[in-house]
Amino acid sequence: MGIKILSTYFRLLGLSNSGLAKARLRTKLLIPLTLLIAALTFATLAVVRHAAEAQVRTAVEQDARNSVLTFQNLRKERQIQLDRTAELLATLPTLKEMMADETLARIQDASEQIWRSGDTELFALADWKGKIVALHTSLPGFPREAAESALAHSSGAKGVGGWWFGHGHLYQVAVHPIELGGPSSRMYLGTVIVGREIDSSVAAEVGRIALCQVAFRYGDQAVVSSFSTMDDAMAANRLKSNAGTNKIEINNKSYLISSVNLTPGSSPPLTLTVLKPYDDAMAVLTRLNHTLITLGFLGVFAGGALVWVLSRTFTRPLESLVQGVRALEQGNYDYPLGPDGGDEVSEVTAAFDRMRGTLQKNEEQRHSLENQLRQAQKMEAVGRLAGGVAHDFNNLLTVIKGHSDLLEMRLGTLSPAHQNIAQVRKAADRATALTRQLLAFSRMQVLQPRVLDLNALISDVSKMLPMLIGEEIEYTFRPGHSLARVKADPSQIEQVLVNLAVNAHDAMPKGGKLTISTQNVVLDAAYTQSHPPTVEGRYVLLTVADTGCGMDELTKAKVFEPFFTTKELGKGTGLGLATVYGVVKQSGGYIWVDSVPEQGTRFEIFLPQSTAAPQLPCEDEPAAKYSRGVGTVVLVEDEEGVRELAGEFLRSSGYQVIAGKDGLDGLEKAEQETGAIDVLVTDVVMPRMRGTELARRLKRAHPRMKIVYMSGYLQHNSDEAFVPDSGHLQKPFSRDSLLRKMREALGQEEEQPLQTI
């Protein structure tokens, strides 16, 4: 059709030019372009139709191949189940005893009981000579001779199994030897065979999954198919008479067929034939032809109308628009467009102008988001590095502090080395505070959040802030009215306030004003779009503002980076604001800074509101000594120094300790313990098996066992499944804190003091 239209088009172009020469320019443009549109439209539709037909045929053939693969997968799953069943039956002591006895009557009776207790449709036993001594099928009629022949044929497969056919029934079987004795002296007693029948229900299930019809044939003999009873015989005859073709017709329906040999190398072969309906695909193609013809005529008329409108209205204004587009391609967003004439072309021009402005804005936002992404990636990488260093350092500090406690207990306070030990402990405490800052920055700190009143917490902190910042700075706290609750770790929020106050003090060496205020706020879509990655919702806004020296844009961009400081060398760690950033992020909030040189700095912290009731703070427990413990403790820690230290703490307190160097080692040693296990003390992050997985496994074996987790940090995106009602011991820990957790886990009261070790 497209070729005919092109021929007509060229004939019209060859006509006399006398008529067209007198026509208007619009007509001269309309007629050739309309013919050209018609030719291109029908030529394109013809190509589309040809491609669609080829695609439909390819799709039908691909569906047939996929159907064969579907059954192959189903066959593999059934074979795996049968292999497992055969292997399980072959290991039954009763079955081995029965086969060793070789009494046929007993084998027949006992094997029937075993078969009825299972879910297989075929169950057979063969003696060591390969003779079938017991055969049971759900449908009678399977000959014993066929079973012996099939078993002899499959004996070369070394027990892999395969297909048995006889008396019109097809079974997928698994064969497994029955052996007696250990690996070095096995005695072959016979063979156990289990099978599942490939019946019409299996064929129907395969056909339903693969959206096709399937048929099984053994040589030239039809076995079973997914066709109805009426079409089954016809399908068998058609498949037999049309062997070697890829398309047949059954009951006035066309099918594309594809066959696969399920028993290659065997004769006669067992064949699976997939029949994919072909008529539906051809019907779709016919409807597509009608649709394409209709669309062709509509395209010609629409193209003619469009050419007429273009020739009349768009020529001159479009030239200006095209120039604007070319200027935009070169990155010029300020190219002047044509005047506004009030018509459609002017509206398109105005829309292009708005689109150009949007593209310019998006380009600026893209550069801004790229900078934010690079900054976030850099902070994430540094955070992971800081968290990893803090984790290893926590283990070292645990050993240092623990052995300092042991030395002090053994030497006493009157020892000449007591002062040295105190200095070691003091240095370890300072290092502990530093590692907690690193963990807070990297958002790996083990927090203890609770619902709290932010105004009450700030009021308590306000008692010490004036002494911290000095008398030359005027301090003001403006609590918000009816302030909502937030859920956070109160000690960490106090650390945030102290760090911001110290930072403000350093920014006001000659005095100034420090103001802390709170209020309820609602962040809408406009705010979140301009301040990514904030999320819409209700928040409590904590503001800390000072009138200090402020910061320029370069300093403000790096203010939350770890180890960045504007102080002199040796007067700052550069972790103060990095710690603030980490605590706020780990609490689910956001922090923004606004600063102008010589005009002050304003930190805004948004914490999500909580509707739960506030929780009263717990009083710190005084250091206590405990009576000697009683019970068995499984201690699992991959760091050798920490493991030996904790083991010494526990053994000196009377506990029986089973130590493991990692999760898998601890699990193996716990399984070897014949007595009860009272407490599991385990690290969370370990090689081979994590502490959470170890706790769940041992908890199933010892339901009354208590769990105490040891951890110095949480991993990024951690979603550990901790056992409910378990205790948590933060590293670095002391002897008293470990024994306190043990007493809490066992539910025991404080008793008489322990003697020093």
Side-chain angles (χ1 to χ4, degrees), residues 385-411 415 417-418 420-439 442 444-446 623 629 632-670 679-692 694-695 707-715 727-742 745 754 756-757:
L385 175 61
V389 171
H391 167 250
D392 294 337
F393 204 39
N394 264 336
N395 286 331
L396 297 176
L397 289 175
T398 300
V399 177
I400 293 172
K401 293 184 65 177
H403 283 286
S404 298
D405 293 341
L406 291 176
L407 285 175
E408 184 179 29
M409 294 175 64
R410 288 172 176 170
L411 299 177
S415 172
H418 175 71
N420 302 97
I421 297 173
Q423 290 297 325
V424 171
R425 184 186 294 109
K426 183 178 179 180
D429 291 337
R430 291 180 60 188
T432 300
L434 180 60
T435 57
R436 289 180 178 175
Q437 282 186 308
L438 288 172
L439 290 174
S442 58
M444 296 181 180
Q445 178 72 7
V446 181
T632 301
V633 180
V634 175
L635 172 64
V636 184
E637 166 63 53
D638 59 319
E639 187 68 27
E640 182 179 0
V642 178
R643 183 173 66 250
E644 292 178 354
L645 178 67
E648 186 172 355
F649 284 163
L650 294 172
R651 292 188 185 94
S652 65
S653 301
Y655 294 101
Q656 181 182 353
V657 179
I658 302 173
K661 62 183 179 181
D662 52 47
L664 190 58
D665 184 48
L667 180 63
E668 294 174 352
K669 291 183 178 179
V679 183
L680 168 66
V681 180
T682 177
D683 192 12
V684 176
V685 181
M686 294 184 295
R688 298 208 297 173
M689 181 184 293
R690 298 178 68 86
T692 50
L694 171 65
I707 309 295
V708 175
Y709 295 103
M710 297 186 298
S711 180
Y713 79 115
L714 296 177
Q715 286 186 324
H728 293 262
L729 179 63
Q730 184 173 358
K731 296 179 181 177
F733 55 82
S734 63
R735 180 173 181 270
D736 288 343
S737 60
L738 174 60
L739 296 182
R740 182 185 301 115
K741 285 296 180 181
M742 294 295 298
L754 280 172
T756 59
I757 58 175

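Predicted model only: the values in this text are computed from it and were never measured.
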- Query: If you look at every heavy atom in Val708 and Ala745, which pair is closest and at what distance?
  - Reply: CG2-CB, 3.9 Å

- Task: Identify the heavy atoms of Gly666 and Leu694 that sit nearest to each other, and give their distance.
- Result: C-CD1, 4.4 Å

- Message: Measuring from atom CG of Asp736 to atom CZ of Phe649, what distance do you get when rounded to the nearest 0.5 angstrom?
- Response: 9.0 Å

- Message: For Ala670 versus Val634, what's the shortest heavy-atom pair and its separation?
- Response: CB-CG2, 4.3 Å

- Taking the side chain as every heavy atom from C-beta outward, state whether Ser653 and Arg735 have any pair of such atoms under 4.5 Å apart. yes

- Query: Do any N or O atoms from the side chain of Lys741 and from the backbone of His728 form a donor-acceptor pair under 3.5 angstrom?
  - Reply: yes

- Note on the structure: side-chain contact (heavy atoms from CB on, under 4.5 Å) with Leu664: of Met686, Arg688, Lys669, only one passes, and it is Arg688

- To the nearest 0.5 Å, what is the distance between CG (Asp662) and CG (Asp638)? 7.5 Å

- Query: Looking only at heavy atoms, which two atoms of Arg643 and Lys661 are closest? And how far apart?
  - Reply: NH1-CA, 3.5 Å

- Task: Work out which heavy atom in Gly647 is nearest to a heavy atom in Leu635; give both atom names and the distance.
- Result: N-CD2, 3.4 Å

- Message: Using modelled atom types and a 3.5 Å cut-off, is there a donor and acceptor pairing between side-chain atoms of Ser652 and backbone atoms of Glu648?
- Response: yes

- Item | Value rounded to 0.5 Å, distance of CZ in Arg740 from CG in Leu729 | 10.0 Å

- Query: Are any of the side-chain heavy atoms of Val679 and Met742 separated by less than 4.5 Å?
  - Reply: yes

- Task: Hey, could you give me the OG1/OH distance between Thr692 and Tyr709, rounded to the nearest 0.5 Å?
- Result: 6.5 Å

- Backbone N or O of Gly641 within a donor-acceptor pair of the Glu639 side chain at under 3.5 Å? no

- Query: Side chain of Arg690, backbone of Val685: donor and acceptor closer than 3.5 Å?
  - Reply: no

- Nearest heavy-atom contact between Thr682 and Gly691 is OG1-CA, 3.6 Å

- Message: With rounding to the nearest 0.5 angstrom, report the CG to CG distance, Leu650 to Leu645.
- Response: 9.5 Å

